[in-house]
Protein chains: 2
Amino acid sequence: MAGGAGDPPPGPLDSVLRPVRAGNGFEEALEQVLQLLRLGLVPPGERLPSERELSQHLRISRVTLREVLKVLQDQNMVESRRGRYGGTFVLPRTAAPDGSGELRRRIAAVDVEDTLRFREVLEAGAAGLCAEGLAADGEDRLRGALDATQGARLEDYRRQDTLLHLTLAELSGSRTLAAQYAAVRATLNELLDGIPLLVRNLEHSQQQHTAVVEAVLDRDPDAAREMMREHCGGTAALLRGFLA
Amino acid sequence: MAGGAGDPPPGPLDSVLRPVRAGNGFEEALEQVLQLLRLGLVPPGERLPSERELSQHLRISRVTLREVLKVLQDQNMVESRRGRYGGTFVLPRTAAPDGSGELRRRIAAVDVEDTLRFREVLEAGAAGLCAEGLAADGEDRLRGALDATQGARLEDYRRQDTLLHLTLAELSGSRTLAAQYAAVRATLNELLDGIPLLVRNLEHSQQQHTAVVEAVLDRDPDAAREMMREHCGGTAALLRGFLA
DNA sequence: AAGCAATGGTTCTCTGTCATACCTTATGCC
DNA sequence: GGCATAAGGTATGACAGAGAACCATTGCTT
């Protein structure tokens, strides 16, 4: 992306005319891998899919993927080990993730209000859809995810919470919804990393999780949506308070 | 995109690991321009933004954009005129859009259930958000869009209907929601083109539009969401019926 | 009638990305 | 100990796409 002209002035067509391939093309891949980490889909200590696998999934060449991983290595977010049973491993989060690196640039470019509103819409919608009809194996997955949050230790709570919500989104029956939720949740987690985790909020959160899941299992869409909106509203108020 | 191996087997990480740059890169641009047409944001007879403008918005080179326009010209969807005050103009839809062209391929690859569910979630969410708080100028835009649907002739109804819903999405206060709605609505319109437009449904639709807008202006989020869900449910039932 | 300005049409070069093949390292199994 | 295997590391050639410069056409303005 060489030095062309600046951004064109905004017009009424901007809902549709968003850029194809936001950024260097490789940045989009970076974004996706970052999602993997921020969502905790691959927890610290675990191995990412091999370079050959990942590059196939993302439909980019291995060379380009390696450049992405290089950035993450420089940020001490992952570590690569060679040899059989080697791979790229996720490192535990370090306190200060380097204030001037290749990353970090996108933070603060996030539209917080957009994120919070969109999140609430997707969550409430997913909860409602799940309550309207859920396969039997869906019930099990949901219960399992809820149990995992109950037993989670403090440092693992964010991850289990994310996985519970992600499960709900996947069970909604809309792949697009699930994918969009994953994206917005990754952004949300990034924001949440900037504020303290209060045990009091956490307990309240857990009650709400239980209520939502119960409403879903009771096949009560209105209650599920309502509870979920309340749940999201709590996080939103917290974030608005700390970031205001 | 040369002939690599086939798709990798699906895994639990697929919500996140969707391909970067779906398709030839230029196909994504084609998709966006098609949205512009399918949403009726540029009605028949009107001019698209100039090639230089469009390519900047989409962040693709003018050469690539021209290949996209070439495809649309071959499909008799647009027409280019040179000289000052020239440009690329939208042609009225022809009955049979050529059954085997460069386009047409994506149709039937649409996951109808995904589309309908995701649409309902976004619409209900947008209606709710608007009802929670809408700027004064938002009220005017909304009323204007509603009025336009009232006075629309049959062949222009789809377009005005789309614009009304799009307005609601834009007023939701989430740019992401608006963009996602635009995408899903474009897909929906494509599906709707395949089924007849019944005057009876249309009148019912109009009553619901009015009810939704009233609920929004009354600042009644629950009613707005409920009405909108009903409205979407109608379309969904219609489509499921015809496509089953 | 002449000139100007904005548009589509064309051509060039250069960079990023892809696909492929091969090298290197570490581990388990025989 | 030796070998097969699976992973990361490296090098190369081909191509798509970006960017910029230029040409051709048209209609408004002077």
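Sequence lines set the chain letters: A, B, ... in the order given, protein chains first and strands last, and positions in each chain run from 1.
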Protein-nucleotides 23-29 of chain C N/O pairs closer than 3.5 Å?
{"from": "C/dT24", "atom 1": "O2", "to": "A/Arg82", "atom 2": "NH2", "distance (Å)": "3.0"}
{"from": "C/dT25", "atom 1": "O4'", "to": "A/Arg82", "atom 2": "NH2", "distance (Å)": "3.4"}
{"from": "C/dT25", "atom 1": "O2", "to": "A/Gly83", "atom 2": "N", "distance (Å)": "3.3"}
{"from": "C/dA26", "atom 1": "N3", "to": "A/Arg84", "atom 2": "N", "distance (Å)": "3.2"}

Exercise. Kindly compute the distance separating CD (A/Gln160) from CZ (A/Arg153), expressed to the nearest 0.5 Å.
Key: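 It is 10.0 Å, given to the nearest 0.5 Å.
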Self-check item: Separation between CZ of A/Arg38 and CZ of A/Arg185, rounded to the nearest 0.5 Å
Solution: 12.5 Å
Self-check item: Base D/dG17 to side chain B/Arg59, donor-acceptor N/O within 3.5 Å cut-off
Solution: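 Counting by modelled atom types and ignoring angles, no donor-acceptor contact under 3.5 Å is found here.
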Sequence-distant partners of [X], side chain to side chain donor-acceptor pair (under 3.5 Å), two or more places apart:
X: A/Tyr157; answer: A/Gln206
X: B/Thr88; answer: B/Ser80
X: A/Thr167; answer: none
X: A/Arg158; answer: A/Asp193

Contacts of type side chain to side chain contact (heavy atoms under 4.5 Å, CB included), residue [X], not counting sequence neighbours:
X: B/Arg52; value: B/Ser50, B/Arg62
X: B/Thr187; value: B/Val110, B/Thr115
X: A/Asn76; value: none

Show which side-chain atoms of residues 141-148 of chain B pair as donor or acceptor with protein atoms under 3.5 Å away, not counting sequence neighbours.
{"from": "B/Arg141", "atom 1": "NH2", "to": "B/Glu170", "atom 2": "OE1", "distance (Å)": "2.9"}
{"from": "B/Arg143", "atom 1": "NH2", "to": "B/Glu139", "atom 2": "OE1", "distance (Å)": "3.2"}

Measure from [atom1] on [X] to [atom2] on [N] and round the result to the nearest Å.
X: B/Arg47; N: D/dG27; atom1: CZ; atom2: C1'; value: 13 Å
X: A/Arg66; N: C/dC18; atom1: CZ; atom2: P; value: 14 Å
X: A/Leu65; N: C/dT17; atom1: CG; atom2: P; value: 12 Å
X: B/Leu30; N: D/dG17; atom1: CG; atom2: P; value: 13 Å

Close N or O pairs between protein and nucleotides 1-3 of chain C (under 3.5 Å):
none

Quiz prompt | By salt bridge (Lys or Arg N to Asp or Glu O under 4.0 Å) - contacts of B/Arg81 (at least two apart) | solution =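 B/Arg81 satisfies salt bridge (Lys or Arg N to Asp or Glu O under 4.0 Å) with B/Glu79 only.
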Practice problem: Would you mind classifying the nucleic acid contact of B/Arg81 as base, sugar-phosphate or nothing, using non-hydrogen atoms under 4.0 angstrom? | Solution: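 Sugar-phosphate only.
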Self-check item: Relative orientation of the end axes in the helix from C/dA1-D/dT30 to C/dC30-D/dG1, expressed as an angle to the nearest 10° (five pairs per end)
Solution: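 The two end axes of the helix from C/dA1-D/dT30 to C/dC30-D/dG1 meet at 10°.
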